[in-house]
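Handing you this structure, nothing more for now.
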Amino acid sequence: MKHYYLFLVIILFNSCHYFEKQVPSEKELLQKELKSINWKEVDEYPSVVDCEKIDNKAQRQQCFFEVLTQLIQEKLSVDTLSVLYPELDTIEVKVTIFPNATMQFEPQFPRDSVAYDTIKIDSILKARLIDFPKINPALKRGIPVKTQFILPVILKVE
């Protein structure tokens, strides 16, 4: 009987290592998580207060682009761009929204663009495109991130 207990104790101590699980290292877990993240897309697009009540991600994004385009068009419609450049009916504006909710606007011109004074148009845009309502930056995993996109802005509506 003593041999039986001794045999049972030996088996008990030896069997504990079968229940041990290999714990992955922090670096392995981090690398696996970083590979699984899609860095090209954000979880939540930038938004304005008017679009916050929309639950659908695509509709909220569309609402934001429409509101922002309308605001830019309104600010530029009172300017001399259409007088100085009557042939210019649409301008593409590269909008950058930083994590601290500040915005930057850059006009995008074709590479062979010599018909326009790009420096003058850029200065007009910088002077006019100020005092926007509060814009919430895009979020990636709950952290505000920088986003960039190009908006076509129609200067002449006929």
Side-chain angles (χ1 to χ4, degrees), residues 19-158:
F19 297 111
E20 291 179 16
K21 293 190 178 178
Q22 191 69 6
V23 178
S25 71
E26 286 182 31
K27 288 182 181 182
E28 289 175 5
L29 287 173
L30 178 64
Q31 291 303 320
K32 184 178 177 183
E33 188 68 21
L34 287 175
K35 287 178 184 176
S36 70
I37 297 173
N38 181 0
W39 294 104
K40 300 290 183 191
E41 283 195 25
V42 293
D43 297 335
E44 287 186 37
Y45 288 96
S47 65
V48 291
V49 176
D50 297 341
C51 301
E52 289 290 322
K53 57 187 169 255
I54 300 173
D55 291 332
N56 186 316
K57 185 177 176 180
Q59 289 176 347
R60 183 184 287 187
Q61 177 189 9
Q62 184 65 31
C63 173
F64 171 73
F65 287 146
E66 289 172 0
V67 167
L68 192 61
T69 303
Q70 181 183 2
L71 286 169
I72 293 172
Q73 286 173 345
E74 288 173 5
K75 290 183 179 285
L76 294 179
S77 67
V78 296
D79 210 334
T80 58
L81 276 178
S82 57
V83 174
L84 289 173
Y85 305 101
E87 69 280 358
L88 188 64
D89 62 346
T90 302
I91 187 168
E92 288 187 343
V93 179
K94 182 179 180 181
V95 180
T96 305
I97 301 175
F98 295 98
N100 63 357
T102 58
M103 297 189 339
Q104 177 183 346
F105 300 96
E106 282 181 61
Q108 300 293 298
F109 299 104
R111 294 205 185 271
D112 60 347
S113 176
V114 292
Y116 313 119
D117 184 0
T118 57
I119 296 171
K120 189 177 235 181
I121 292 174
D122 189 37
S123 66
I124 291 172
L125 282 177
K126 284 189 183 355
R128 288 291 181 195
L129 298 179
I130 56 173
D131 298 330
F132 277 86
K134 183 179 184 315
I135 296 199
N136 300 320
L139 298 176
K140 182 69 176 178
R141 296 201 161 216
I143 300 172
V145 292
K146 173 181 158 184
T147 50
Q148 290 183 327
F149 46 87
I150 296 178
L151 286 178
V153 178
I154 300 170
L155 299 175
K156 292 181 186 176
V157 180
E158 295 180 18

Salt bridge (Lys or Arg N to Asp or Glu O under 4.0 Å) contacts in which one or both residues fall within residues 30-39, not counting sequence neighbours: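 Salt bridge (Lys or Arg N to Asp or Glu O under 4.0 Å) check on residues 30-39 returns E33-R141.
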
Centre-to-centre under 6.0 Å for Y45 and F149, is that the case here? no

Donor-acceptor list for residues 61-69 side chains, cut-off 3.5 Å, not counting sequence neighbours:
{"residue": "Q62", "atom": "NE2", "partner": "E66", "partner atom": "OE2", "Å": "3.1"}
{"residue": "T69", "atom": "OG1", "partner": "F65", "partner atom": "O", "Å": "2.7"}

Between CD1 of I130 and CE of M103, what distance do you get to the nearest 0.5 Å?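 One gets 11.5 Å once the value is rounded to the nearest 0.5 Å.
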
Grab the two heavy atoms, one from V145 and one from P137, that are nearest each other, plus how far apart they are.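 Minimum heavy-atom separation between V145 and P137: O-CB, 4.2 Å.
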
Donor-acceptor pairs are to be reported for all side-chain atoms of residues 93-102 against protein atoms at under 3.5 Å, with residues two or more places apart or in another chain.
{"residue": "T96", "atom": "OG1", "partner": "Q148", "partner atom": "NE2", "Å": "3.2"}
{"residue": "N100", "atom": "OD1", "partner": "T102", "partner atom": "N", "Å": "3.3"}
{"residue": "N100", "atom": "OD1", "partner": "T102", "partner atom": "OG1", "Å": "2.7"}

L71 side, atom CG; I135 side, atom CD1 - distance, nearest 0.5 Å: 7.5 Å

Donor-acceptor pair, K140 side chain versus E41 backbone, under 3.5 Å? yes

Residues in side-chain contact (heavy atoms from CB on, under 4.5 Å) contact with D131, at least two apart in sequence or another chain: K75

Using the side-chain contact (heavy atoms from CB on, under 4.5 Å) criterion, which residues pair with E52? Sequence neighbours excluded. S47, R60, N136

Could you work out, with side-chain contact (heavy atoms from CB on, under 4.5 Å) as the rule, every residue matching E28, not counting sequence neighbours? P24, S25

